[in-house]
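Single-structure report; data block below.
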Amino acid sequence: MKRIAARLKPRPLPPVSPPCSSPQPPASVSASSLLSEFTKLCNQQDFPRAMKALDDLETHELRADPAVYSDLLKACLSRRAVPLALRLQSHILSSPHSPHTFLLNMLLSIYVKLRLLPQARSLFDEMPQRNVVSWTTIISAHANVPELSHNALHFLVSMLCHGVTPNMFTYSSVLRACGCVSHLVQLHSSIYKHGLESDVFVRSALIDAYSKWGLPQEALCVFDEMPTGDLVVWNSVIAAFAQNSNGHEALHLFKRMKRAGFDPEQSSLTSVLSACTSLALLELGRQAHVHVFKYHQDLILNNALLDMYCKCGGVDDANIIFTRMADKDVVSWSTMIAGLAQNGYSREALKLFDSMKNSSTRPNYITILGVLFACSHAGLVEDGWSHFRSMKKLYGIEPGREHYACMLDLLARAGKLNKAVELINEMGFEPDGAMWRTLLDGCRAHKNVDLAMHAAEQILKLNPQDAGSYILLSNIYANAGRWDDVAGIRKVMNEKGIKKQPGCSWIEVGKQIHTFVLGDGSHPQINEIKIQLESLIQRLVRAGYVPDLNFVLKDLEGEEQREDSLRYHSEKLAVVFGLMNLPKGQTIRIRKNLRICGDCHLFVKLATKLEKRTIVIRDPIRYHHFHDGACSCGDYW
DNA sequence: TTAGGGTTAG
């Protein structure tokens, strides 16, 4: 055996021989020629003869040589030859020199790589001996399948019970399978106990796990304990903040990473773009775009770029990038469809969906959400119904909670409130607060007090502190002249200490973010802004602007006071600040935390005409592109 | 023979 192994190593494989006329190998066959024959038959995908060649190894008593089996196993993996792998398994298990744990681990790994989990489980159960590699392989295999990941932890417990000590490979695998924070903390503690916390793989896995559970600060603690740098660990911690809606910290860490001497690459840039997206930082996003050119073929990075332009009001740039992308996947299409819809281009979004149907990319759950969103925000009730009713039949996608929520939005906006209630009744699951809130919004717009009361009641059962619902209901009562009910709501809010979330707007000027909050006079230029705002309002009034007091909580006393509460809505302050500080011709881009009210919408429309400016306002749901007295939403939002 | 980072909704 040793001689055979020695011959196999230094010598190149002999040339491939022509196909055998006889199924029997020559009597004096060598291990290398058998291997060569086997490889050739695998290449030809002639599995029956390859298996026969494999049996010949046994005839020539070659089967116990680990080097031969190792090469054969590699051939199985590269050619995805599953029947051969199974035949090899029985050869190895029946070998007189069993247990051959090394070879069986290799085979186990091959099954996992070929996504043959049942075969991997079966082999794992049959293995005469299992070492840390065997356990780690089976743990990793389960950790990678979300619906089976809980088994990964069971295997870890079983491994410990069998007296096998986990290593850094084991922990970095099992961390992906944490089903709750307490498991994560226990694993973290075990990692310390085994002295594995400084392994960079374990560290990045810990950071990812804390991030996944919404604990980026804990991820940062793990990161900060790192004595030496590692690019992946940097990328993990940046992603932890980008994915947990803390774009500022993500960008701060990105700067730290560059100062530490690391060159950003695809993963870092993707997180930076994601941070720019969440903060609506178009100019910074454009700077990141320059670095993306280096990796222009990277699909994920391009998708992040598309999303950044769509969500930062640069939908035209997104369109150009999308058209030029050589490869597009379902994320690219979904991003662009939703992006067009959110920016007021619903019909273009639906046209793009038609193009997608003609492409080789199949829509997924999220694509359909974008399509329904497009219908909802353009009042296309029939199109929406059609897509909703056919999604399962055409694409095999069962309508989920979010699809129902979109349909409710579509119906409620369009004033089809009874249909919306019917849909709630047929959903097959309990409506959540957001769904009732959608209905409540529709009730306000279409003045249905009774249904509004029912919807508000349901929301407050689910979340008794929901200030928005109290305000909406109060406004609905006020519109109906039910002042006693308005007073009752205000009393309940006071008693429970419920306060409306203050409106807040952000605008980027000179690489700095300026924040405006309703009722907050802390901005250094606030006095000048208020003077300019007064002047603008007067000019707008002369041009026909009448403040719409329907958007004020109606229990405020007196018209003047009501008007004041509208006058200083944060987006109005931000618009005036933009007009004062951004050069003429430059688009004013504002992000805000609440949806824009009807009065501000009218104010901004008229201001764009009077000041000859384009203004883009992004609220939590969609984007309003104001230009020359009109808005891309067509006043339907 | 076993392990790491990035994109679409909400």
Side-chain angles (χ1 to χ4, degrees), chain A residues 66 69-70 73-74 77 100-113 130-141 143-144 159 166-176 196 199-209 211 219 230-240 242-243 245 250 257 264-275 277 292 295 298-308 310-311 328-339 341-342 363-373 400-403 405-406 432 434-435 620-621:
Chain A
Y69 279 121
S70 173
L73 285 170
K74 283 174 193 162
L77 177 62
H100 280 310
T101 307
F102 171 86
L103 287 174
L104 292 173
N105 282 344
M106 211 175 151
L107 186 53
L108 193 61
S109 159
I110 286 167
Y111 288 143
V112 173
K113 283 175 186 157
R130 303 178 194 113
N131 61 15
V132 63
V133 177
S134 334
W135 284 100
T136 301
T137 306
I138 205 73
I139 285 171
S140 173
N144 285 333
M159 173 184 188
N167 64 13
M168 59 277 269
F169 290 80
T170 323
Y171 280 114
S172 53
S173 298
V174 81
L175 278 167
R176 261 176 291 137
L196 297 170
D199 178 82
V200 288
F201 284 76
V202 171
R203 197 177 291 273
S204 58
L206 271 171
I207 290 170
D208 292 340
S211 168
D230 176 85
L231 182 60
V232 175
V233 179
W234 272 108
N235 288 338
S236 299
V237 76
I238 294 170
Q243 289 164 357
S245 310
M257 181 185 97
E265 38 83 277
Q266 292 99 314
S267 174
S268 358
L269 287 172
T270 304
S271 293
V272 164
L273 284 170
S274 169
T277 305
V292 171
Y295 307 102
D298 189 293
L299 181 59
I300 296 178
L301 193 46
N302 273 327
N303 287 343
L305 198 58
L306 272 186
D307 193 40
M308 187 278 292
C310 282
K311 289 209 173 70
K328 299 182 184 82
D329 66 359
V330 66
V331 177
S332 329
W333 287 97
S334 306
T335 303
M336 203 57 227
I337 289 169
Q342 287 164 340
N364 69 9
Y365 190 96
I366 296 170
T367 321
I368 306 296
L369 277 181
V371 170
L372 296 180
F373 185 95
R401 189 172 275 282
E402 293 93 342
H403 298 106
C406 252
D432 57 28
M435 288 173 172
I621 308 286

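Here is how names work: the chains are called A, B, and so on, in the same order as the sequence lines, proteins then strands, and each is numbered from 1. Given the structure is predicted, the values throughout are model-derived calculations rather than measurements.
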(request) Check salt bridge (charged side-chain N to carboxylate O under 4.0 Å, His left out) between D432(A) and all other residues, then give those that pass, not counting sequence neighbours. (result)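 So D432(A) forms a salt bridge (charged side-chain N to carboxylate O under 4.0 Å, His left out) with R401(A).
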(message) If you go through the side-chain atoms of S334(A), does one of them form a donor-acceptor pair with the base of dT8(B) closer than 3.5 Å?
(response)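 Such a pair exists between side chain and base.
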(request) Classify the side chain of N303(A) versus the base of dG6(B) as yes if they form a donor-acceptor pair under 3.5 Å and no if they do not. (result) no
Between [N] ([atom2]) and [X] ([atom1]): distance, integer Å:
{"X": "W333(A)", "N": "dT8(B)", "atom1": "CH2", "atom2": "C1'", "value": "14 Å"}
{"X": "N364(A)", "N": "dG10(B)", "atom1": "CG", "atom2": "P", "value": "13 Å"}
{"X": "L305(A)", "N": "dT8(B)", "atom1": "CG", "atom2": "P", "value": "13 Å"}
{"X": "D298(A)", "N": "dT8(B)", "atom1": "CG", "atom2": "P", "value": "14 Å"}
{"X": "D230(A)", "N": "dA3(B)", "atom1": "CG", "atom2": "C1'", "value": "13 Å"}
{"X": "D329(A)", "N": "dG6(B)", "atom1": "CG", "atom2": "P", "value": "15 Å"}
{"X": "E265(A)", "N": "dT7(B)", "atom1": "CD", "atom2": "C1'", "value": "15 Å"}
{"X": "I337(A)", "N": "dT8(B)", "atom1": "CD1", "atom2": "C1'", "value": "10 Å"}

Contact class for [X] vs. all strands (heavy atom < 4.0 Å): base, sugar-phosphate, or nothing?
{"X": "N167(A)", "value": "base"}
{"X": "V112(A)", "value": "nothing"}
{"X": "T335(A)", "value": "sugar-phosphate"}
{"X": "D208(A)", "value": "sugar-phosphate"}
{"X": "Q243(A)", "value": "sugar-phosphate"}
{"X": "V233(A)", "value": "base"}
{"X": "I238(A)", "value": "nothing"}
{"X": "L301(A)", "value": "base"}
{"X": "A239(A)", "value": "sugar-phosphate"}
{"X": "K328(A)", "value": "nothing"}

(message) Test side-chain hydrogen bond (donor to acceptor under 3.5 Å, both in side chains) on T335(A) and N303(A); report intermediate values, then the result.
(response) CA-CA 7 Å; T335(A) 303; N303(A) 287 343; 5.6 Å; no
(message) Applying the side-chain contact (heavy atoms from CB on, under 4.5 Å) criterion to M257(A), which one of I238(A), V272(A), V233(A) satisfies it?
(response) I238(A)
Side chain of [X] - closest among [options]:
{"X": "V331(A)", "options": "dT7(B), dA3(B), dT1(B)", "value": "dT7(B)"}
{"X": "S173(A)", "options": "dA3(B), dT8(B), dG4(B)", "value": "dA3(B)"}
{"X": "I366(A)", "options": "dG6(B), dG4(B), dA9(B)", "value": "dA9(B)"}
{"X": "A304(A)", "options": "dT7(B), dA3(B), dA9(B)", "value": "dT7(B)"}
{"X": "F373(A)", "options": "dT2(B), dT8(B), dG10(B)", "value": "dG10(B)"}
{"X": "N105(A)", "options": "dT1(B), dG6(B), dA3(B)", "value": "dT1(B)"}
{"X": "L369(A)", "options": "dA9(B), dT2(B), dG4(B)", "value": "dA9(B)"}
{"X": "V200(A)", "options": "dG4(B), dT8(B), dA3(B)", "value": "dG4(B)"}
{"X": "S109(A)", "options": "dG10(B), dG6(B), dT2(B)", "value": "dT2(B)"}
{"X": "V133(A)", "options": "dT2(B), dG6(B), dT7(B)", "value": "dT2(B)"}

(message) Taking 4.0 Å as the cut-off, does a side-chain nitrogen or oxygen of K311(A) come that near to OP1 or OP2 on dT8(B)?
(response)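 No, because none of the side-chain N or O atoms of K311(A) sits under 4.0 Å from OP1 or OP2 of dT8(B).
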(request) Sequence neighbours left out, what passes side-chain hydrogen bond (donor to acceptor under 3.5 Å, both in side chains) with S334(A)? Give chain and number order. (result) T367(A)
(request) Check whether any side-chain N or O of H403(A) sits under 3.5 Å from a backbone N or O of Y365(A) as a donor-acceptor pair, and report yes or no. (result) yes
(message) N131(A) and side-chain hydrogen bond (donor to acceptor under 3.5 Å, both in side chains): which single residue from N105(A), T101(A), T136(A) fits?
(response) N105(A)
(request) Mind running side-chain contact (heavy atoms from CB on, under 4.5 Å) on M336(A) and L306(A) for me, showing each step along the way? (result) CA-CA 7 Å; M336(A) 203 57 227; L306(A) 272 186; 4.0 Å; yes
